[in-house]
Amino acid sequence: MRKSIGLALMILGLWVLGLGRLWAEKPRRYIEAGFMIGAGFANNYLGYGDFFNDDHVIRIDFNSMGSHDFNLVSDVAAQTFFNVNREGFSIGVFTGIEGMFYGNISKQLFQLLKEGNTSRYSKAEFAFGGSVFADTGMNLETRLGKLRLRISPAVFLPLIYIPRPKETALTVKTGDDTMSITGNVAVDIYSPVKLGTNTADGGDFSIDTGGYSKVLDSGALGFDLTLGAEYPLAPILDAGILVSHIPVALSRLTYQAQMKANFGFNDQDSDMSLLDQLKEGNVDDMLRIEDPEFTFSRGAYYVSRPLRLDLYGRIKLIRDLLVLRPHGGISLFTPYGAAPCFNAGLEGQIHIWRLFQFSLSSGYEELVWKHRLGLMLNVRVLQLDLGVSTQSQEFTRSFALHGLGVSLGLHVGF
């Protein structure tokens with residue numbers, strides 16, 4: 001009986017697989033709609049075991065710190081789309097949102113906690129920034145002979161933009177038996193809508209969500225282009241270039257909020273060292289955070305989305321069963337600051353007809369090492385894309401769950 005059931009299940013599975021292959025091998029969907037979402041975070045000091053352990057505490061090993069700056073980054077993206085595909089060309093529309101935030105503390109602070117401060121006076125730096133963009137646009141892909149071309153114009157709106165602060169500092173002072181750490185920050189926040197009101201007692205921060213209906217008159221909408229080209233250099237080799245977010249018209253943000261804040265750790269009233277207090281004491285008793293002060297003004301701050309250049313190849317092996325995709329490029333105008341970000345990586349894909357695709361990639365993208373495993377299931381009327389990645393700013397720690405990314409995509413059509 002069990003053998004009969006097992007045989008029936010095997011036959012059913014082979015039938016479903018064969019039917020799925022027949023559907024998948026048909027021409028691509030003429031009309032399709034769907035969505036893609038993804039989110040991730042990464043840091044270079046704290047791993048999975050430092051948060052989830054039998055002690056139910058966050059483990060911080062200061063003795064291993066000090067060789068690198070502490071970096072933290074998080075990102076999120078979502079997009080919906082509708083495409084019409086025909087032989088030789090496709091056209092579609094999309095709308096979405098993407099955001100990224102990061103923080104950084106220089107390694108001098110951790111070196112001091114680890115090794116001490118003989119000069120009795122030292123400084124460290126910290127920085128943070130981020131952005132949230134909404135956009136809508138269209139995709140057009142076509143072929144000119146063997147050349148495949150892509151153009152994607154888009155209108156974008158920065159919902160909030162925080163450039164790298166110009167004034168950030170951590171000051172460390174030590175005595176014979178005491179130590180204090182103080183910090184101050186002045187950060188500018190830009191938006192297309194009003195962020196608050198100046199008062200006699202200081203500014204009250206708030207976001208005028210109703211002001212988004214007036215962005216057409218404020219010049220806050222920006223415009224950029226994404227261009228791509230791909231050409232087969234040989235039967236097993238395609239080469240391509242993709243330039244994303246070429247600025248055509250910058251977004252003009254007219255509302256600014258400046259936040260100033262002071263904070264610090266101080267152990268002058270304790271016989272314990274600052275390091276011992278951090279390990280054993282009550283952090284709430286040590287931490288001093290003053291209420292931030294806000295001031296609001298109007299002006300003109302121009303913003304574009306990050307400009308990304310990517311060169312790639314597609315090496316097709318064993319009749320397209322195995323595909324290798326090396327790539328390299330550069331990112332400019334990111335929230336990190338003026339310095340460019342260099343990117344490079346390699347992706348391997350295994351195709352089983354058009355029904356399944358498995359992918360494994362490793363690369364360095366905008367200061368983060370990412371290693372991603374992907375799965376695509378395509379039965380033509382429905383396509384499901386899943387992805388998971390482990391990531392960190394340090395290469396060795398990117399394999400040790402110091403960060404995680406997930407993505408999900410769905411295409412439905414006929």
Side-chain angles (χ1 to χ4, degrees), residues 36-52 58-61 64-77 98-107 110-111 125-131 164 242 244-245 305-315 323-350 358-375 385-409:
M36 293 179 289
I37 57 174
F41 73 94
N43 83 101
N44 62 331
Y45 271 128
L46 300 176
Y48 175 85
D50 297 318
F51 288 96
F52 303 98
I58 299 177
R59 295 173 178 170
I60 303 177
D61 183 5
S64 66
M65 305 177 82
S67 57
H68 304 285
D69 293 351
F70 173 76
N71 294 292
L72 176 69
V73 65
S74 63
D75 62 88
V76 63
E98 61 178 356
M100 186 273 266
F101 292 92
Y102 79 93
N104 166 274
I105 300 177
S106 66
K107 62 184 179 182
F110 305 108
Q111 289 174 343
E125 296 181 353
F126 70 98
F128 57 90
S131 61
R164 187 182 182 94
L242 181 66
S244 304
H245 306 157
R305 292 197 287 182
L307 174 64
R308 301 182 176 103
L309 169 67
D310 189 47
L311 300 171
Y312 65 89
R314 185 179 290 111
I315 306 170
V323 176
L324 299 179
R325 188 184 184 279
H327 71 92
I330 191 173
S331 298
L332 302 170
F333 314 136
T334 69
Y336 288 118
C341 299
F342 296 95
N343 312 313
L346 176 65
E347 180 181 10
Q349 302 172 355
I350 297 177
F358 301 91
S359 63
L360 182 64
S361 64
S362 179
Y364 189 61
E365 301 176 9
E366 297 188 2
L367 307 185
V368 178
W369 286 97
K370 297 181 180 181
H371 314 289
R372 183 179 183 273
L373 176 65
L375 169 65
D385 296 277
L386 301 172
V388 61
S389 63
T390 177
Q391 49 200 42
S392 175
Q393 289 82 357
E394 304 298 331
F395 179 73
T396 56
R397 304 190 181 202
S398 62
F399 296 96
L401 287 182
H402 282 65
L404 184 68
V406 294
S407 63
L408 169 66

**Item:** Set of ring-ring contact (aromatic ring centres under 6.0 Å, His included) partners for Y312, sequence neighbours left out
**Value:** none

**Request:** Fit a plane to each ring of F126 and F128, take the angle between them on a 0 to 90° scale, and name the class: parallel (under 30°), tilted (30 to 60°) or perpendicular (over 60°).
**Result:** parallel

**Item:** Considering all heavy atoms, the nearest Y336-C341 contact
**Value:** CD1-SG, 3.9 Å

**Item:** Verdict with reasoning, V388 to R372, per side-chain contact (heavy atoms from CB on, under 4.5 Å)
**Value:** CA-CA 6 Å; V388 61; R372 183 179 183 273; over 6 Å; no

**Approximate separation, where rounding is to 0.5 Å, of L375 CG and L360 CG** = 12.5 Å

**Complete:** CG (L307) and CG (L332) are apart, to the nearest 0.5 Å, by 5.5 Å

**Prompt:** Are side-chain N/O atoms of H371 and S398 paired as donor and acceptor at under 3.5 Å?
**Reply:** yes

**Message:** To check you understand the geometry: which heavy-atom pair defines the closest contact between P340 and I330, and what is its length?
**Reply:** CB-CD1, 3.7 Å

**Request:** Working to the nearest 0.5 Å, report the span between OG of S389 and CH2 of W369.
**Result:** 14.5 Å

**Request:** Check salt bridge (Lys or Arg N to Asp or Glu O under 4.0 Å) between D385 and all other residues, then give those that pass, not counting sequence neighbours.
**Result:** none

**Message:** Using modelled atom types and a 3.5 Å cut-off, is there a donor and acceptor pairing between side-chain atoms of N43 and backbone atoms of H402?
**Reply:** yes

**Message:** Taking the side chain as everything from C-beta on, heavy atoms only, tell me whether K370 gets closer than 4.5 Å to S362.
**Reply:** no

**Message:** Test of understanding: with ring-ring contact (aromatic ring centres under 6.0 Å, His included), list the residues that count as partners of F101, not counting sequence neighbours.
**Reply:** none

**Request:** Report the distance from atom OG of S359 to atom CG of L386, rounding to the nearest 0.5 Å.
**Result:** 10.5 Å

**Asked** Given side chains that start at C-beta, do those of Y364 and N343 come closer than 4.5 Å, heavy atoms only?
**Response** no

**Selection residues 323-346 - residue pairs positive for salt bridge (Lys or Arg N to Asp or Glu O under 4.0 Å), sequence neighbours left out** = D310-R325

**Request:** Decide yes or no for Y45 and R397: does some side-chain heavy atom of the first lie under 4.5 Å from some side-chain heavy atom of the second?
**Result:** yes

**Item:** Minimum side-chain heavy-atom gap Q393-V73 below 4.5 Å
**Value:** yes

**Complete:** Rounded to the nearest 0.5 angstrom, the CG-CG distance for L72 and L46 is 9.0 Å

**Item:** Side-chain touch E98/R305, heavy atoms, less than 4.5 angstrom
**Value:** yes

**Prompt:** Does D75 have any side chain to side chain donor-acceptor pair (under 3.5 Å) partners at least two apart in sequence or in another chain, and if so, which?
**Reply:** none

**Asked** How far apart are the C-alpha atoms of Q391 and E365, what are their side-chain angles, what is the distance that settles it, and do they pass the side-chain contact (heavy atoms from CB on, under 4.5 Å) test?
**Response** CA-CA 10 Å; Q391 49 200 42; E365 301 176 9; over 6 Å; no

**Complete:** In this structure, NZ of K107 is separated from CG of N71 (nearest 0.5 Å) by 11.5 Å

**Item:** Pairing residues for R308 by the side-chain contact (heavy atoms from CB on, under 4.5 Å) criterion, not counting sequence neighbours
**Value:** S244, H245, P306, S331, E366

**Message:** Within the structure provided, determine whether F70 and N104 are in side-chain contact (heavy-atom separation under 4.5 Å).
**Reply:** no

